[in-house]
Amino acid sequence: IACILVLIHFDQHSPLRKFWYKLFSPKSTFEWYIIAFLILWWLPATVVQTTVRGIAGDGKGQYNIYYSTWLSMWASFYCMDKKLIDHGFPGFQSFISSWPFRAPGWIAIFVSCFFSLFWYLDVFL
């Protein structure tokens, strides 16, 4: 999917270049569908593949699969954040920085505890 999208973005000579521009213009909804698909694809894929029993779980030695899965998931969320900013919504950075000074620390503690909880559940269940 990514290679096809890159080729479409660099298309300068085909008869479809106006269609591609309309499809991928800054306020288009087609990119939303692609980003939503990627998030819905990589979020469960990351959970399934990186669990203890998954293909890239602890002790399996599949580091390439492990890190590329996490990188793909974070990249899809990064694309969603940038698309939200393009459409005039607050991004993650401005959302967190608009809160009082202690809120980002509590959010970081919550997220780290949340991931630790699921890691323990994955190990012991």
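Below, all heavy atoms of this structure are taken into account, side chains as well, without hydrogens, waters or symmetry copies.
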Checklist entry - Shortest non-hydrogen contact from Thr51 to Val47? => result CG2-O, 2.5 Å
Checklist entry - Which residues, ordered by chain and number, are linked to Ile55 in its hydrophobic cluster, where ILVMFWY side chains connect at heavy-atom gaps below 4.5 Å, directly or through other members? => result Ile65
Item to check | Rounded distance [0.5 Å steps], OH in Tyr67 versus CD in Gln62 | outcome: 13.0 Å
Checklist outcome for this item: The reported gap from SG in Cys79 to CG in Asp86 (rounded to nearest 0.5 angstrom) is 10.5 Å
Checklist entry - Residues in ring-ring contact (aromatic ring centres under 6.0 Å, His included) with Phe30, at least two apart? => result Phe24
Next on the checklist: Taking Phe89 as the starting point, is it possible to reach Phe77 by hopping between hydrophobic residues whose side chains are less than 4.5 Å apart?
Outcome noted: yes
What pairs of donor and acceptor atoms, side-chain ones from residues 32-46 against any protein atom, are under 3.5 angstrom apart with sequence neighbours left out?
unit_1, atom_1, unit_2, atom_2, d
Trp32, NE1, His87, NE2, 3.0
Thr46, OG1, Trp42, O, 2.6

Item to check | All pairs passing salt bridge (Lys or Arg N to Asp or Glu O under 4.0 Å) where residues 104-114 contributes a residue, at least two apart | outcome: none
Tell me which donor-acceptor pairs under 3.5 Å the side chains of residues 110-118 have, and how far apart each pair is, sequence neighbours excluded?
unit_1, atom_1, unit_2, atom_2, d
Ser112, OG, Ala108, O, 3.1
Ser112, OG, Ile109, O, 3.0
Ser116, OG, Ser112, O, 2.9

Checklist entry - Does any pair with a residue in residues 69-84 pass side-chain hydrogen bond (donor to acceptor under 3.5 Å, both in side chains), and if so which ones, sequence neighbours excluded? => result Glu31-Lys83, Gln49-Thr69
